[in-house]
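Have a look at the structure below, then the notes.
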Amino acid sequence: MDFYKNTLGNMQKAAGIMHLDSEVLEALSHPQKTLMVSLPVRMDDGTLKVFEGFRVQHSELRGPFKGGIRYFPEVNLDEVKALATEMSFKCAVVGIPYGGGKGGIKCDTKKMSEGELERMTRKYVQATYQIVGPEHDIPAPDMYTNGQIMAWFMDEYSRLVNKYQPGVVTGKPIEVGGSLGRDTATAQGGVYVLEEYLNTLDEKDRKTDYKVVVQGFGNAGQHAADILHNLGYTIVGVSDSKGGLYNEKGMDPQAIMKTKKEKGSVIESSEGKAVKPHEILEVPCDILVLAAMENQVTEENMKNIKARIMLELANGPTSGDADEYLSKNGVVIIPDILANAGGVTVSYFEWLQNQQAYYWPLEEVKMKLKRIMQESFARVHHFQEEYKCTMRQAAYISAFDRLEKAMKLRGSGANLRCKIYR
Ligand code: GLU
């Protein structure tokens, strides 16, 4: 099923359960603004290549548009629309004052030089700078984008508007206005939520030794494996785009990170034995951390999943069919819009620090992140109990509740029937 339809499906299910005003659902089922741009870039060999770029601004009901930019060969408009929509819900779940947006460029970073990446990034800023800005739309890293790319973005934007504007993007390196703790925030936030969930279980349902598989070994996956390993969880499997690594006795994520850095993939590590990329989802474990990309657990492999808990650090890793099947079979899915919201939460902290030109110590970032993730989980848990639904549906309900109130209070443009505050 396609990712955008899946996202709209998730919204519709939650809206049905909570009897949401149909006009609110209708309004949020369409992005506010969509920009498609062509980026002509001079390549190292002297040729000119035109890249396709996107920025989708889904909703600014609760604050400026916010969301990452991904550089990936399969980027397309529907995918970016799905991701932008999810951002509006994600920011609402954790109650940070942002709407949702997302961007992307169709390109293969693995085949590009640093110079080509820099020139393409600057072209993207030149093509979008009129619609972004610290009070309008604030991009950040996503798949195959990083702090360096954000630094170029900030530099180009600051030049174009003729003033230093670190708050135009988040996920920057510390030296140019980044926040401590942003690099580990997605993983750390997910772990806080996971532990909150485990705390709700009765003693008899709790284990002392959880076996964990982490699919995807990029920023989120690497840090999740490391944080969980340090907390005493057993990491039995990891994977990247080249393949998986499995060892039922457990592995040291730091050693695997070192190998990946030196040799390019986790499969080169001697910590475990190599398995095919898709097989890593099907090995025995208690907790499956999905940190790769969308549409990984689908109709095709849902029956082979052994985990009882899935933590979605990627956006949209579980298809609608698989979500329904696994939930019916007792698998608890901690949904993306809650599980990975730690990333955008610390992006919010970074932006606050930029606005004030005053930087916080790591302890403060961690403490504030923990509090937001715990409160957000508690709110979702409350809706889950109230509506007797899945955690994903409860997370959407939690977000809709805030979005609906903002929409009705603002009333702008939408001409909504004002049921609540008539
Ligand atoms: N790309 C990340 C996400 O999907 C982070 C977004 C941000 O920090 O704005 O949540």
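Counting from 1, the numbers follow the sequence of the chain as shown. Reckoned from all heavy atoms, side chains included, excluding hydrogens, waters and symmetry mates. Every number for a ligand or one of its atoms is a count from 1 in the order of the listing.
Judged by the 6.0 Å and 45° rule, K368 forms a cation-pi pair with W360. Both tests pass for K303 against the ring of Y325: distance under 6.0 Å to the centre and angle within 45° of the axis.
Protein residues with any heavy atom under 4.0 Å from ligand 1: K66, G67, G68, M87, K90, K102, A140, P141, D142, R182, N315, G343, V344, S347.
Judged as a side chain to side chain donor-acceptor pair (under 3.5 Å), and not counting sequence neighbours, the contacts of T390 are Q393. Listed by chain and number, the residues in a side chain to side chain donor-acceptor pair (under 3.5 Å) with E26 are H30 (sequence neighbours excluded).
Pairs passing the side-chain hydrogen bond (donor to acceptor under 3.5 Å, both in side chains) check and including a residue from residues 76-85, sequence neighbours excluded, read R70-E79.
Atom CD of Q374 is separated from atom CG of L369 by 9.5 Å, given to the nearest 0.5 angstrom.
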